[in-house]
Chemist: 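Let me give you the structure first, and then I'll get to my questions.
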Amino acid sequence: MYPPRFRYLRAESTEHVLDVLAELGADARVLAGGASLIPQLKYRSVSPSPSVLVDLGWLDDLRGTSRVDGQLRVGAMTRHVEAGADDVLAEVAPGARDAARSIGDPQVRNMGTIGGGLAAVEATGDWGPVLVAAGGSVHAVSRDGERDVLANDLFAGPLLTTLRPDELMTEVRFPVMAGRSGSAHAKLMIRAVTALGSCSIALAIDAADRITWAGVGVGGLTPYPMSVPEAAAVLVGQPMSPELATEAKSALSAALGSHTDVKTSAAHRRGIAGSLFVEALDAAYARAAVAGVAPITEEGAS
Amino acid sequence: MIGDERVNVTVEVNGQQRSGEVDVRMLLIDFLREELSLTGAHIGCDSTNCGACTVLLDGRSIKSCTMFAPQVQGRQIRTVEGLADGETLNPLQQAFHDNNALQCGYCTPGMLMSATHLLEQNPEPSPQEIRQAISGNLCRCTGYAFIVDAIEAAAAEARGA
């Protein structure tokens, strides 16, 4: 399968990309890893079809992680496999590590990037729910300036972000939560191609083990990654209990609505969402509970 | 006009410099098969699922049906043709032969490249790790068990076990 004709340009720098996007706007698209965009181009489902493809593959300054100003910043061209192996990401956002390691299969993880995965807005994408749950954002740059877009405000619809055609996503930013925090990403998949859904949760607890903050994101169960503040609201201010989990799970179910498609029915989706929610909640809470606890020394527990 | 419609792609394949002048949309799998006559990598699904097109790019397994040829300019690729030494199968290939790890052989080059990548990263993989490593490669014939056995056997032999 082949996409419609386009002209190819290798990006030499971020500045070069911004110049091209400023000139061509929606006629151009950037190519990150290609793991999402190339199949879409081959299926001819990208609309409008780009006249120019700008290959970001050599922009090494868009790869890697750094900790700046209370944020963990992940370069948009960081491959999923690199994100999944990053120790800082694992510490700050363990749910993100879960997600990175679950995407697709080894080959797809070697090819795809966090920026490309977010920009593709595939219903079953993993980074969307993770970033939504974490209250994270993406950093977008253009000739007109820079801005941060909250994950909640990033997805306009299937395969569509709210970024302008002249904007380049350069970084994905996770807030570093102080104190006892944890996150987890639960996913249902039968091999890579039949990812049925995911639920991502990030939360923080206080010294009395009460939940002080929570974020909930779902993927694959709605047309595009979705935040579920209704479920998060049930959790905040409460100590963990099975009853709390059940109540929050009901709020999640109600919020999911009646999305049905060829893969599965609305009722099945609500069931999947509920199971994944409880799994992610238990794991996120367990991680928060041990966060900030002194590690066991070689001599034994202190 | 910005951009090119055709480019010259020069890439190191199995240790040799190879090149071709192609339409920028040419998929890497077609570049390997049609331009370079390396027909070991196969097209099974053309949709990023089956992994029959798997080759190694700068040491990492990738699906070549989901890459355009210009994306590998100046990089290093290894294909199944680079495994054997002349007529002598390498230990991984020999293990596939000895363990009945192929029937029709269509998935096999992709399996071999994914296994090669695994063993270079992890010389002592558990059966679960092996299954994870080949989770991007579909096989319709064998039921996978003998493939896992073959990879395990090759790893053991390499460790002198």
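Every chain is numbered from 1 and lettered A, B, ... according to where its sequence line falls, protein lines coming before strand lines. This structure is a prediction, so every number in the text was calculated from the model and none was measured.
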Chemist: A:V52, A:L41, A:N110, A:L31: which one forms the most heavy-atom pairs within less than 4.5 Å of chain B?
Modeler: A:N110
Chemist: Report the distance from atom CE of A:M1 to atom SG of B:C45, rounding to the nearest 0.5 Å.
Modeler: 7.5 Å
Chemist: Dump the intermediate steps for side chain to side chain contact (heavy atoms under 4.5 Å, CB included) on A:D105 and B:K63, then the final yes or no.
Modeler: CA-CA 10 Å; A:D105 55 50; B:K63 293 180 173 179; 2.7 Å; yes
Chemist: Working to the nearest 0.5 angstrom, can you tell me the gap between A:F6 CZ and B:E5 CD?
Modeler: 10.5 Å
Chemist: Counting only heavy atoms closer than 4.5 Å, note whether B:T54 contacts chain A via side chain, backbone, both or neither.
Modeler: side chain
Chemist: So which of B:Q132, B:Q73, B:H117 has the biggest tally of heavy-atom pairs under 4.5 Å with chain A?
Modeler: B:Q73
Chemist: Could you tell me which portion of A:R5 (side chain, backbone, both or neither) has an atom closer than 4.5 angstrom to a non-hydrogen atom of chain B?
Modeler: both
Chemist: Is it the case that more than 12 heavy atoms not belonging to B:H97 sit under 6.0 Å from its NE2 atom?
Modeler: no
Chemist: With a 4.5 angstrom heavy-atom cut-off, which part of B:R75 approaches chain A: side chain, backbone, both or neither?
Modeler: side chain
Chemist: So, do A:R10 and B:P70 sit near enough that their side-chain heavy atoms are less than 4.5 Å apart?
Modeler: no
Chemist: Which of the residues A:P3, A:A28, A:P39 is involved in the greatest number of heavy-atom pairs with chain B at under 4.5 angstrom?
Modeler: A:P3
Chemist: Please check: side-chain N/O of B:R25 versus main-chain N/O of A:Y2, any donor-acceptor pairing under 3.5 Å?
Modeler: no
Chemist: Of the backbone (N, CA, C, O) and the side chain (C-beta and beyond), which part of A:V54 lies under 4.5 Å from a heavy atom of chain B, both, or neither?
Modeler: neither
Chemist: Do you know which of B:D46, B:I43, B:D30, B:V24 has the most heavy-atom pairs under 4.5 Å to chain A?
Modeler: B:D46
Chemist: Are the side chains of A:L53 and B:F68 in touch, meaning some heavy atoms are under 4.5 Å apart?
Modeler: yes
Chemist: Please assess A:Q107 against B:N137 for the test side chain to side chain contact (heavy atoms under 4.5 Å, CB included), listing each intermediate value before the final yes or no.
Modeler: CA-CA 9 Å; A:Q107 294 93 314; B:N137 295 82; 3.0 Å; yes
Chemist: Can you name the nearest heavy-atom pair linking A:P106 to B:A133, along with the distance?
Modeler: CG-O, 3.6 Å
Chemist: Should the heavy atoms of other residues, nucleotides or ligands under 6.0 Å from CZ of A:R7 be counted, would the total exceed 12?
Modeler: yes
Chemist: The test is side chain to side chain contact (heavy atoms under 4.5 Å, CB included); show your working for B:Q71 and A:I38 and say whether it passes.
Modeler: CA-CA 12 Å; B:Q71 288 176 270; A:I38 293 179; 3.3 Å; yes
Chemist: Under 4.5 Å, counting heavy-atom pairs only, tell me which of B:C65, B:G3, B:S61 racks up the most with chain A.
Modeler: B:S61
Chemist: Is it the side chain or the backbone of A:L37 that comes within 4.5 Å of chain B heavy atoms, both, or neither?
Modeler: neither
Chemist: How about CZ on B:F146, more than 12 heavy atoms from neighbouring residues, nucleotides or ligands closer than 6.0 Å, or not?
Modeler: no
